[in-house]
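First up is the structure itself, then whatever we jot down about it.
Quick note on labels: first sequence line is chain A, next is B, and so on, each numbered from 1.
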Amino acid sequence: MTEWILSTENLSRSFGGLAAVDQVSFQVKKDEVFGIVGPNGAGKSTLFNLIAGVLPPSHGKIEAFGHRIDRMPTQKRCWLGIGRTFQAAQMFPTHTIGESLLSAGSAKHRGVAGWLRPVDLKSDRQEMLEFLDFIGLAGMEDLLPSELTNLQQQKLAIGMALITDPQLLLLDEPSGGLIEAEVLELLAFIKSIRVRGITIVVIDHKMRLMMNLSDRIMVMSAGKMIALDVPKKIASDVNVQNAYLGRPAGSD
Amino acid sequence: MAADIAQNIANALMAGSIYGLLAVSLALVFGVLEVPQFAFGAHAMLGAYSVAILASYGYWIPVAAAIVLMAILGVLVQALIFDPLRNAPPATLFIAAFGLLLVLQGMALVLFGPNNHSVAPAIAGGTTILGASITYQRMLVVAAAIIAVLGLNVFLRYTKTGRNIRAVGQSRTGSLVVGLSPRRVGLITMAIGSALAGLAGALLAPIAQVYPTMADTLVIKAFIIIVLAGMGSINGALLGGFIVGLCESFGSAYLSLEFKDAYPVALFILILLVRPQGLYGKVVRVA
């Protein structure tokens with residue numbers, strides 16, 4: 001029996017009269033990389049915000065790890081094991097890299113334990129340094145996010161989500177602002193996360209990256225799911241090619 | 001003339017440190033929780049009453065009591081009023097804070113009566129610096145305000161709790177997504193803000209009269225200061241306190257005493273015409 005880690009049922013979200021996400025149903029399997037592509041305004045980021053709890057849905061159902069989560073407060077979804085990346089420079093712009101990781105990591109100590117630990121322990125700093133090393137920013141803990149390259153910022157965003165100890169990681173446009181050579185490095189980096197046994201849902205525009213990375217790809221257009229299949233079949237899907245205004249789906 | 005100027009600067013520093021301290025408490029709470037906490041005027045007043053009522057225990061024990069009691073009041077108002085309202089629109093928060101101010105003033109009137117209380121200075125004597133005569137009590141006010149704000153800086157910068165308070169101040173959504181508890185940060189932030197307001201009142205008690213509406217003008221000036229400084233800027237709020245103090249002191253001495261409370265407002269309008277984002281350059285939050 002396949003183990004679903006995340007599933008949505010008729011998930012919808014409207015802004016005014018516009019349905020940004022319209023009756024979307026899909027399931028993500030444990031340990032897979034699930035890609036979501038679609039033109040600008042297709043509703044991909046809104047979908048992430050619904051799953052991470054940044055926005056409440058208008059209709060529909062979300063389940064993760066066997067729990068109904070669509071009305072669960074944002075921070076509790078994080079505690080349940082859902083991590084979502086945001087652009088690091090927008091997240092905590094005046095936190096240093098080290099502070100960003102420490103803040104993101106500190107929510108693991110909840111309840112009484114959290115109240116009893118108002119200062120960092122040696123183990124907190126140790127953990128921060130390990131993640132700093134993992135995202136390839138060793139020695140840069142005192143820099144601000146704005147002082148990093150785009151690739152470093154993307155890795156910091158991922159590091160901040162990873163340090164919360166997620167089982168499901170939502171990556172929002174990880175290749176945003178990157179040049180071709182950096183995309184390859186990012187690809188290798190995301191694959192190294194996968195090895196850690198973390199299920200990944202990723203939104204991105206770079207088709208080559210998505211084809212290489214994803215086990216299955218869902219295509220969205222105008223808030224609706226128009227295709228869901230393995231990358232090879234997606235590339236030859238006529239609906240998908242139409243959604244991309246006739247461009248071949250394999251190009252960037 | 002030089003002695004006059006020195007005296008005016010000394011007066012400005014003393015008044016400015018009280019304004020500054022109250023402004024810092026407002027800036028912290030507004031910057032992190034987006035609550036325009038007008039009721040901190042009443043928290044300061046209750047801090048002053050703590051010192052007046054407990055005067056038989058000396059000065060320092062009542063000051064410590066004022067800080068602790070106001071921290072507890074901060075926890076209570078956050079838990080009972082502002083945490084439940086944390087997703088409410090700004091106008092609701094404004095009304096809640098203003099309502100709380102009136103309720104606390106009413107309670108003070110019932111508990112302590114309408115008469116003024118006065119508190120004897122803790123330290124007698126004074127000295128003359130550059131021709132300005134300054135009592136030690138007034139020097140204590142300035143020193144205590146600066147030490148409190150330095151302490152707040154150290155706390156926000158170097159502790160885990162302080163760092164998480166700054167995180168929520170930068171991005172509420174981002175903090176929630178990485179699992180920070182908004183309730184915990186809210187309780188701690190309001191408790192600290194309230195304690196600082198209580199300290200401002202406790203410092204003010206020996207150099208002013210203590211009565212239920214004693215801090216009304218004070219809290220309005222403190223609000224002007226945080227707009228001047230850029231909402232949420234802590235050190236800018238202390239600096240703004242001194243600027244407003246100087247403005248009042250020199251305006252009263254060289255222009256007209258009757259308009260003492262109007263000078264900061266005039267300065268406020270002038271500065272906002274030139275720099276709508278405030279002195280410290282932070283963009284004023286609209287939402």
Heavy-atom side-chain contact between [X] and [Y] under 4.5 Å:
X: Ser103(A); Y: Val178(B); answer: no
X: Met91(A); Y: Thr173(B); answer: no
X: Arg163(B); Y: Leu102(A); answer: yes

* Name the region of Ala161(A), side chain, backbone, both or neither, that has any atom closer than 4.5 Å to a heavy atom of chain B. => neither
* **Part of Thr164(A) within contact of chain B (heavy atom distance under 4.5 Å)** => side chain
* With chain B, which of Ser106(A), Pro73(A), Ala52(A) has the greatest number of heavy-atom pairs at distances under 4.5 Å? -> Ser106(A)
* Max heavy-atom pair count under 4.5 Å with chain A, selected residue of Gly162(B), Ala167(B), Ser175(B), Ser171(B) -> Ala167(B)
* To do: Mind checking salt bridge (Lys or Arg N to Asp or Glu O under 4.0 Å) for Glu130(A) and listing every partner two or more places apart, or none if nothing turns up?
  => none
Taking all heavy atoms of [X] and all of [Y], pick out the closest pair and write down the distance.
X: Phe92(A); Y: Gly174(B); value: CZ-C, 4.1 Å
X: Ser181(B); Y: Trp79(A); value: CB-CZ2, 4.4 Å
X: Val177(B); Y: Arg84(A); value: CG1-O, 3.6 Å

May I ask you to check whether over 12 heavy atoms, not counting those of [X], lie within 6.0 Å of atom [atom1]?
X: Lys108(A); atom1: NZ; result: yes
X: Phe15(A); atom1: CZ; result: yes
X: Phe65(A); atom1: CZ; result: yes

* Which bit of Arg157(B) is near chain A, if near means a heavy-atom gap under 4.5 Å: side chain, backbone, both or neither? -> both
* Intermediate values then yes/no, side chain to side chain contact (heavy atoms under 4.5 Å, CB included), Gln75(A) and Leu180(B) -> CA-CA 6 Å; Gln75(A) 72 274 18; Leu180(B) 295 180; over 6 Å; no
* To do: Apply side chain to side chain contact (heavy atoms under 4.5 Å, CB included) to the pair Cys78(A) and Leu176(B), showing each step before the final yes or no.
  => CA-CA 8 Å; Cys78(A) 171; Leu176(B) 292 173; over 6 Å; no
